[in-house]
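Notes follow the structure.
In this text the structure is predicted, and so the values were computed from the model without any measurement. The chains referred to below are lettered A, B, ... by the order of the sequence lines, with proteins before strands, and numbering in each begins at 1.
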Amino acid sequence: MPRYNDMKFDLLHTTERSKARAGLLHTCHGDIETPIFMPVGTLGSVKGVHMRELKQDIGAQIILGNTYHLYLRPGTQILEQVGGLHHFNSWDGPILTDSGGFQVFSLSDIRKLAEEGVTFQSHIDGSRHQFTPENVMETQRSIGADIIMAFDECAPGTSTYEYAQKSLGLTQRWLERCIHHFDETKPLYGYEQTLFPIVQGCVYPDLRIKAAEHAATFNRDGYAIGGLAVGEPEQDMYSMIEVVNEILPQNKPRYLMGVGTPINILEAIDRGVDMFDCVMPTRNGRNGMLFTSKGVINIRNQKWTSDFSVIDENGTTFVDTQYNKAYLRHLIQSKEMLGAQIASIHNLGFYLWLVKEARRQILKDTFKSWKEIMIKQLSVRL
RNA sequence: GGGAAGAUACCAAAGUGGCCAACUGGGGCAGACUGUAAAUCUGCUGACUUAUGUCUUCGUAGGUUCGAAUCCUGCUCUUCCCA
């Protein structure tokens, strides 16, 4: 089985006025049209959304899972027994797993960081577990994601230069160990997996450059930009993307981890990013925030109480025109689970529409002007 | 008819002389949420207004007191028990 396959990503189109690109990423579970947004399914489910809705209504082409969470529950034994996450959650498209690097950041008060790896206390029962670059690769083999991520430290956006530098050193040594171990092991379920390195370096251009150059030497099928949208100013995020994308190979997909708002996504596409994931459409949806073609709605606000217009007349999912705003507000106010489901489907549908439309605009060389109009629209708070 | 308990802000419910514009929960209103410890979290919720000020409130009408949601009296209403 080839370790490296240069046919994995076809860069179909680039534009003059923008760094935006349209591409096609091939995986053993299907092709992905980029730019793409990947719904987050931490525990093997995109919260509140059926696979059928994800695929047919929302148009998702790839979803995420999380190594830390799936390792704790249901555990690798179950995942191996069933033949990997695809067979467990019955998503037959591509899957990407995050390595647990983000949990090094988000669970910082119940973990200990060391050269060897990270010792976590389970947030479920307090039990202690060690994650190392090596065992994280193995766990991701067990999960069986098509794209797996290197184990990194996602340092806070407010880190000092000294901390960021130290952290990056660790991430880079871990990357080497990840790659070494990944290349030494084989997939468990008969299809190929690929490992994406993660570029860290906080908001410091020289660190980001160093990190991107280091990552690029490993010649992988794709690269991720991590450690952004974690507390730093938005402008810093954009300039880091610019710095890193200057260095990452043109013919490989770039994945901006954990980002972001619809506007963030458009700005990042403009700067040459191809892949995105974020909990925002689902989490914020559950909490009553809707991203629509006309602007952002807080459906809990009183003004929607008797607004019987449909959720989004230009929306692409069935919920958009099936349900009215007042009803959705009622469901969310009443904490009815259907409300969370409708909001999640709507928001994911919007995100997927956004990247699909971006791709269409890139292909016909009108991305830049379309983006400006969209950003104005997306800034509206209804 | 007799007896007992009770009446507190939108609802429920603490508070039995000053630290009470009044605990707490719900509801309501608003905000937050970016590789998901999140169907979660935060703030506000008498009025005027925003100073750590004034005014009006704890069924109702009086009274005691420097001071009352808290003590006393009448009235009204509610619930329960006995006839």
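Residues A/Glu267 and A/Arg271 are paired through a salt bridge, judged by an N-O separation under 4.0 Å between the basic side chain and the carboxylate. Using a 4.0 Å cut-off between a side-chain N of Lys or Arg and a carboxylate O of Asp or Glu, A/Lys294 and A/Asp312 do not qualify as a salt bridge. Remark: A/Lys252 does not engage A/Asp221 in a salt bridge, criterion side-chain N to carboxylate O under 4.0 Å. Taking the charged nitrogens against the carboxylate oxygens, A/Lys19 and A/Glu242 have no contact shorter than 4.0 Å, which rules out a salt bridge. With respect to the salt-bridge test (charged N to carboxylate O, under 4.0 angstrom), the residues A/Glu357 and A/Arg360 qualify.
No contact: A/Gly48 has no heavy atom under 4.0 Å from any strand. Looking at heavy-atom distances under 4.0 Å, A/Asn264 makes contact with a base. Here A/Glu232 lies out of heavy-atom contact (under 4.0 Å) with every strand. Contact annotation for A/Asn287: base contact, defined as any heavy-atom pair under 4.0 Å involving a base atom. When heavy atoms are screened at a 4.0 angstrom cut-off, A/Asn301 is found touching the sugar-phosphate backbone but no base atom. Backbone-only engagement by A/Leu64 is indicated by non-hydrogen atom pairs under 4.0 Å involving sugar-phosphate atoms exclusively. At the heavy-atom level, A/Thr282 lies under 4.0 Å from base atoms of the strands shown.
In this structure, B/rA83 forms no base pair with any nucleotide, since neither Watson-Crick nor G-U wobble geometry is met with both distances under 3.5 Å. With a cut-off of 3.5 Å on both pairing distances, B/rU56 has no Watson-Crick or G-U wobble partner at all. The nucleotide B/rA14 finds no pairing partner, because no Watson-Crick or G-U wobble arrangement with both distances shorter than 3.5 Å includes it. In this structure, B/rG6 and B/rC77 make a Watson-Crick or G-U wobble pair, each of the two defining distances being under 3.5 angstrom.
For A/His69 and A/Arg381, each mapped to the nucleotide of RNA chain B holding its nearest heavy atom, the one lying further toward the 5' end belongs to A/Arg381. Of the residues near RNA chain B, A/Glu234 and A/Lys335, the one whose nearest nucleotide (by heavy atom distance) lies more toward the 5' end is A/Glu234.
Nearest nucleotide to the A/Leu107 side chain, out of B/rA37, B/rA38, B/rG35: B/rA37. Side-chain proximity of A/Gln333 to B/rU34, B/rG35, B/rG28: nearest is B/rG28. Distance from the side chain of A/Met289 is smallest for B/rC33 among the nucleotides B/rU34, B/rC33, B/rA37. Counting only heavy atoms from C-beta on, A/Asn298 has its side chain closest to B/rG31 among B/rC29, B/rU36, B/rG31. Across B/rU36, B/rA30, B/rA37, the shortest atom-to-atom separation from the side chain of A/His123 is found for B/rA37.
For B/rG15 and B/rU79, the P atoms lie 24 Å apart once the distance is rounded to whole Å. Nucleotides B/rU65 and B/rU54 are separated by 26 Å at their P atoms, to the nearest Å. Atom name P, nucleotides B/rC11 and B/rG74: the rounded distance is 29 Å, in whole Å. To the nearest whole angstrom, the two C1' atoms, one in B/rU60 and one in B/rA68, are 16 Å apart. Using atom P as the reference point in both B/rU45 and B/rA21, the two lie 15 Å apart (nearest Å). When the P atom is used for both B/rG67 and B/rU56, the distance is 16 Å, rounded to whole Å. Spacing between B/rU40 and B/rG53 at atom P, rounded to whole Å, works out to 38 Å. Taking atom C1' on both nucleotides, B/rU64 is separated from B/rU52 by 33 Å, rounded to a whole Å.
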May I have the step-by-step check of ring pair (Phe, Tyr, Trp, His ring centres under 6.0 Å) for A/His180 and A/Phe218, ending in yes or no?
-> CA-CA 10 Å; A/His180 182 74; A/Phe218 297 103; over 10 Å; no
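Judged by atom type and distance alone, A/Ser106 does not reach the base of B/rU36 through any side-chain donor-acceptor pair under 3.5 Å. The base of B/rG31 sits within donor-acceptor range of the side chain of A/Arg300, with an N or O pair under 3.5 Å.
Atom C1' of nucleotide B/rC33 and atom CD1 of A/Ile297 are separated by 18 Å, given to the nearest angstrom. What separates CG of A/Asp109 from P of B/rA38 is a distance of 13 Å, to the nearest Å. Remark: P of B/rA30 and CZ of A/Arg329 are 7 Å apart, rounded to the nearest angstrom. Atom NZ of A/Lys47 and atom C1' of B/rA38 are 8 Å apart (whole Å). The nearest whole Å value for the distance from the CZ atom in A/Arg286 to the C1' atom in B/rA37 is 12 Å. Taking atom CD of A/Gln302 as the reference point, atom P of B/rG28 lies 10 Å away to the nearest angstrom. Between A/Leu43 atom CG and B/rA39 atom P there is a gap of 11 Å when expressed in whole angstrom units. We find that CE of A/Met280 is positioned 16 Å from P of B/rA38, with the value rounded to whole Å.
For A/His330 and A/Tyr323, the distance between ring centers is not under 6.0 angstrom.
Between A/Gln103 and B/rG35, a side-chain N or O to OP1/OP2 separation shorter than 4.0 Å is absent.
Taking the ring axis of A/Trp91 as reference, the NZ or CZ atom of A/Lys55 stays within 45° of it and closer than 6.0 Å to the ring centre.
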